[in-house]
Amino acid sequence: MTAKAFPSLEVWFVTGSQHLYGPEVLQQVADDARTIAASLDASPQIPVNVVFKPVVKTSEEIHAICQEANAAANCIGLVMWMHTFSPAKMWIAGLMALQKPFAQFHTQFGRDIPWDSIDMDFMNLNQTAHGGREFGFIGTRMRLRRKVVVGHWQDEEALARLDVWTRAAAAWHDSQHAKFARFGDNMRQVAVTEGDKVAAQMAFGYSVNGYGVGDLVAHVNGASEAAVNALVAEYESQYVVAEPLRKGGAMRSSLADAARIELGIRSFLKEGGFAGFTTTFEDLHGLV
């Protein structure tokens, strides 16, 4: 099996049904859902682990699985599949409580319709065409943001769309605990760079806090000559360096200064556990 791009993360495969169909049908629903979840998990196109969850059949079970997902540190989202009809009012409380992304997988267990043998038992079991529309309706009625993927669970195109969604969900998950360092303030007299750090954290989850440029300068000055020389050598091996910046050039020291600043920034971000940073060219005291 190909290694997962994000082996510590997982999406939960949640299947909707109801008690109306009886234990035999529900057992078949669970077996089919487990098969699909295992296939998705084994697919090299899906970059996270896919975890099968028991079939939800009541409002209480749906609410419980959504609350469980909220509290699960490694769960980045849910893939919802309606194998049979699942009355959508059962989903309202759970979807209102859910705080993680979800995708509706509008698929059918069997690729082809058995026209010669189809009967009511088959119809009762395979109602994605009905249950999926019911689930889609409640998502739209509740104005919920979600991804809808349509296609057979073994089709490459459907898997590719799930791949895109899981990567987006992984990025969302990462941002919920990210920290960003803001060196200096915004550009003077510029409105569009002012920002709102409180609103950003409320809307996106990550925190943005300001730090004095002097805090960064301390890390820049702490970079060793050996580390600076090694990074300059990397520049020269990876990029086309302008003549004045090459060894013996008139501006060679500027290249070393740039390397020292990069090392300082990396050191500051690593020590503080930051995911990124911003700067302003109007506040460079001690760096130039």
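- T35 contributes a side-chain N or O that, together with a main-chain N or O of D31, makes up a donor-acceptor pair within less than 3.5 Å.
- Aromatic ring orientation, Y206 versus F204: parallel (interplanar angle below 30°, classes split at 30° and 60°).
- E194 and N186 form a side-chain donor-acceptor contact under 3.5 Å, judged by distance and modelled atom types alone.
- Between V232 and R252 the shortest side-chain heavy-atom distance falls below 4.5 Å.
- When the salt bridge (Lys or Arg N to Asp or Glu O under 4.0 Å) test is applied to E60, no partner is found at least two apart in sequence or on another chain.
- Between W91 and F135, the distance from one ring center to the other falls under 6.0 angstrom.
- When all heavy atoms are compared, the tightest approach of Q45 to P47 is O-CD, 3.4 Å.
- At least one side-chain heavy atom of L40 sits less than 4.5 Å from a side-chain heavy atom of L159.
- Checking side-chain atoms of Q238 against main-chain N and O of E234 turns up no donor-acceptor pair under 3.5 Å.
- Within the 6.0 Å centre-distance limit, the rings of F274 and Y211 are counted as a close aromatic pair.
- Applying the salt bridge (Lys or Arg N to Asp or Glu O under 4.0 Å) rule to pairs touching residues 205-231 yields E225-R260, sequence neighbours excluded.
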Given salt bridge (charged side-chain N to carboxylate O under 4.0 Å, His left out), test K53 with E68 step by step and report yes or no.
CA-CA 11 Å; K53 289 294 178 178; E68 184 183 348; 3.5 Å; yes
Please report, to 0.1 Å, the donor-acceptor pairs under 3.5 Å made by any side chain of residues 263-270, with sequence neighbours excluded.
| from | atom 1 | to | atom 2 | distance (Å) |
| --- | --- | --- | --- | --- |
| R266 | NE | E262 | OE2 | 3.0 |
| R266 | NH2 | E262 | OE2 | 3.3 |
| S267 | OG | H219 | ND1 | 2.8 |

